[in-house]
Amino acid sequence: MADFDNIVILTGAGISAESGIDTFRSAGGLWEQHRIEDVATPEGFARNPDLVLGFYDARREALSKVGPNPAHTALARLEREFSGNLLLVTQNVDDLHERGGCSQVLHMHGELKSALCTSCEVRSPWDAPMSQRPACPVCQAPTLRPDVVWFGEMPYQMERIYTALSQCDLFVSIGTSGAVYPAAGFVQEARGHGAETLELNLEPSEGSHFFSQARYGKAGELVPAWVDELLKA
Ligand code: BV8
């Protein structure tokens with residue numbers, strides 16, 4: 001890999017697959033078990049809050065039983081040793097990047113371990129079930145929802161992401177199917193500003209034709225090898 005000064009990395013569910021976290025679209029993935037409209041939209045939450053709170057309680061519980069894999073820890077090494085600017089944007093709501101040692105993670109779709117109160121609209125760190133309608137730590141109202149971005153909701157920190165995409169000289173996408181926007185459009189944004197683009201994934205994503213370079217295989221193998229190469233360049 002040539003020398004780069006400003007890197008933006010986008011990760012998706014594929015980077016957590018080897019940790020044992022279900023992806024969305026692989027066979028038997030999360031969306032196979034539930035209709036997106038029922039569990040990942042505001043309308044679904046309004047229609048059946050128990051189903052949605054239970055869906056996220058189950059995912060939060062599953063997360064407490066798994067750990068980061070070598071792909072997560074390799075990105076933490078990159079964060080520590082890379083001398084340029086690095087922005088790690090994740091679509092994932094798990095905390096495996098942080099548990100793998102990353103300290104600066106931009107969760108554009110929110111986090112399982114955060115609660116959003118629909119009364120006072122304050123976000124609080126959260127690691128317990130919500131199905132029993134616990135009190136908001138700030139206003140005490142029993143109106144917490146998962147602090148995740150559902151379909152039809154605006155992802156977080158988009159301005160910051162687009163600024164980084166306009167300034168990066170390398171954009172790397174890891175473990176995402178490129179099926180969900182606006183994240184799936186980031187490669188075109190970066191490319192449009194002259195960045196080199198690299199896809200690391202198990203198989204070609206829906207946006208693979210936008211990438212100038214691609215390596216296919218498991219993130220747990222591809223990412224440590226790529227980080228080694230980049231830091232030795
Ligand atoms: C918005 C959080 C507007 C919750 C998620 C028509 C055209 C274009 C866009 C749209 C459209 N109709 C509707 C839209 C917009 C919509 C969208 O894109 N829909 C899609 C379905 C077409 N997007 C939205 O609604 C977004 N918001 O547009 O707002 C707006 C404007 C103004 C004002 C207000 C609003 C919000 C989208 C966010 C939804 N939330 N997650 C939760 O987690 O429950 S989406 C969820 O799926 C993930 O967060 C992720 O972002 C997304 C995609 O999942 P991936 O991470 O890619 O996972 P997937 O399973 O798909 O793929 C895994 C990949 O890994 C695979 O390629 C696999 O091969 C690979 N892999 C597997 N194992 C490994 C591996 N790779 C390496 N190693 C391995 N071991």
Side-chain angles (χ1 to χ4, degrees), residues 9-45 51-60 62-63 66 68-72 74-75 88-97 105-116 130 145-159 161-162 172-188 198-208 210-211 214-226:
I9 295 175
L10 172 70
T11 63
I15 201 169
S16 297
E18 289 156 84
S19 294
I21 297 271
D22 277 348
T23 63
F24 291 89
R25 289 167 185 79
S26 310
L30 281 169
W31 303 132
E32 309 282 313
Q33 301 150 37
H34 303 280
R35 282 169 10 99
I36 284 183
E37 300 73 24
D38 294 339
V39 290
T41 60
E43 297 77 13
F45 181 59
L51 173 72
V52 174
L53 293 176
F55 174 63
Y56 286 95
D57 284 355
R59 287 173 67 191
R60 196 175 300 105
L63 180 55
V66 300
N69 67 58
H72 296 109
L75 292 185
L88 173 58
V89 182
T90 187
Q91 300 172 90
N92 300 338
V93 292
D94 65 53
D95 63 344
L96 295 176
H97 280 303
V105 185
L106 196 164
H107 284 271
M108 66 178 288
H109 289 163
E111 298 175 75
L112 278 175
K113 293 191 173 177
S114 174
L116 170 61
M130 290 186 184
R145 61 161 271 189
D147 180 19
V148 298
V149 176
W150 285 327
F151 287 94
E153 296 185 324
M154 180 58 88
Y156 295 148
Q157 302 192 57
M158 291 304 294
E159 182 106 4
I161 295 170
Y162 282 116
V172 187
S173 177
I174 303 172
T176 180
S177 62
V180 172
Y181 289 82
F186 290 172
V187 57
Q188 291 159 269
L198 168 65
E199 175 169 76
L200 304 178
N201 207 52
L202 199 59
E203 76 237 335
S205 70
E206 293 185 23
S208 58
F210 291 119
F211 288 86
R215 299 179 191 178
Y216 297 121
K218 291 188 171 185
E221 291 151 25
L222 287 180
V223 180
W226 170 69

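Heavy atoms only: backbone and side chains are in, while hydrogens, waters and symmetry mates are out. In each ligand, atom 1 is the first atom listed, and ligand 1 is the first ligand listed.
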(message) For atom 45 (S) of ligand 1, what's the nearest protein heavy-atom neighbour? Residue, atom name and distance, please.
(response) Phe151 CZ, 3.7 Å
(message) Using a 4.0 Å cutoff against the non-hydrogen atoms of Gly152, which atoms of ligand 1 qualify?
(response) 24 (C), 25 (O), 34 (C), 35 (C)
(message) Using 30° and 60° as the class boundaries, would you call the ring planes of Phe45 and Trp150 parallel, tilted or perpendicular?
(response) tilted
(request) Could you check whether the rings of His34 and Phe55 sit parallel, tilted or perpendicular, using 30° and 60° as the cut-offs? (result) perpendicular
(message) Let me confirm one number: the CD-OG distance from Gln91 to Ser177, rounded to the nearest 0.5 Å.
(response) 7.5 Å
(message) As a check for students: among Ala179, Gly220, Ala17, identify the option with a heavy atom nearest to atom 73 (N) of ligand 1.
(response) Ala17
(request) Among all protein heavy atoms, pick the one closest to atom 32 (C) of ligand 1 and tell me residue, atom and distance. (result) Met154 CE, 3.5 Å
(request) Output yes when the distance from some N or O of ligand 1 to some N or O of Val148 is under 3.5 Å, and no in every other case. (result) no
(message) Within the protein, is there a heavy atom lying under 4.0 Å from atom 80 (N) of ligand 1?
(response) yes
(message) For atom 63 (C) of ligand 1, which of the options Gly175, Gly12, Pro146 provides the nearest non-hydrogen atom?
(response) Gly175
(message) Below the 3.5 angstrom mark, is there an N/O of Glu153, backbone or side chain, next to an N/O of ligand 1?
(response) yes
(request) Please confirm whether Met108 comes under 4.0 Å of ligand 1, counting heavy atoms of the residue only. (result) no
(request) Within a distance under 4.0 Å of any heavy atom of Tyr56, pick out the atoms of ligand 1 and give their elements. (result) 4 (C), 42 (C), 44 (O)
(request) Identify the two heavy atoms, one from Gly178 and one from Glu206, that lie closest to each other, and give their separation to 0.1 Å. (result) O-CB, 3.6 Å
(message) Rounded to the nearest 0.5 Å, what separates atom OG1 in Thr11 from atom CG in Leu88?
(response) 5.5 Å
(message) Are any of the N/O atoms on Phe24, whether in the backbone or the side chain, positioned under 3.5 angstrom from an N/O atom of ligand 1?
(response) yes
(request) Using a distance threshold of 4.0 Å (strictly less than), state whether atom 77 (C) of ligand 1 has a protein heavy-atom neighbour. (result) yes
(message) Could you work out, for atom 41 (N) of ligand 1, the closest of Arg59, His34, His109 by heavy-atom distance?
(response) His109
(message) To the closest 0.5 Å, what do you measure between OH (Tyr162) and CD (Gln157)?
(response) 13.5 Å
(request) Do me a favour and list the nearest non-hydrogen protein atom to atom 15 (C) of ligand 1 with residue, atom name and distance? (result) Tyr181 O, 4.5 Å
(message) Please report whether atom 1 (C) of ligand 1 has a protein non-hydrogen atom at a separation of less than 4.0 Å.
(response) yes
(message) Is it the case that ligand 1 has an N or O less than 3.5 angstrom from some N or O of Ala219?
(response) yes
(request) Run the contact test for Ser205 against ligand 1 with a 4.0 Å cut-off on heavy atoms, strictly below, and give the result. (result) no
(message) Gln91 versus ligand 1: do any nitrogen or oxygen atoms come within less than 3.5 Å of each other?
(response) yes
(message) Tell me the nearest of Asn201, Leu200, Val223 to atom 67 (O) of ligand 1, using heavy-atom distances.
(response) Asn201
(message) I want to know if ligand 1 touches Pro155 in the polar sense, i.e. an N/O pair below 3.5 angstrom.
(response) no
(request) Output yes when the distance from some N or O of ligand 1 to some N or O of Pro182 is under 3.5 Å, and no in every other case. (result) no
(request) Return yes when Gly217 approaches ligand 1 closer than 4.0 angstrom through a heavy atom, no otherwise. (result) yes
(request) Working to the nearest 0.5 Å, report the span between CG of Asp38 and CD of Glu43. (result) 11.0 Å
(message) Could you check whether Glu111 pairs with Lys113 (Lys NZ or Arg NE/NH1/NH2 to Asp/Glu carboxylate O, under 4.0 Å)?
(response) no
(request) Please identify which atoms of ligand 1 are closer than 4.0 Å to at least one heavy atom of Lys218. (result) 78 (N)
(message) To the nearest 0.5 Å, what is the distance between CG on Asp57 and CE on Met130?
(response) 7.5 Å
(request) Between Asn69, Val180, Thr90, Thr176, flag the one that comes closest to atom 37 (C) of ligand 1 by a heavy atom. (result) Val180
(request) May I ask you to check if ligand 1 and Trp150 share an N or O to N or O distance below 3.5 Å? (result) no
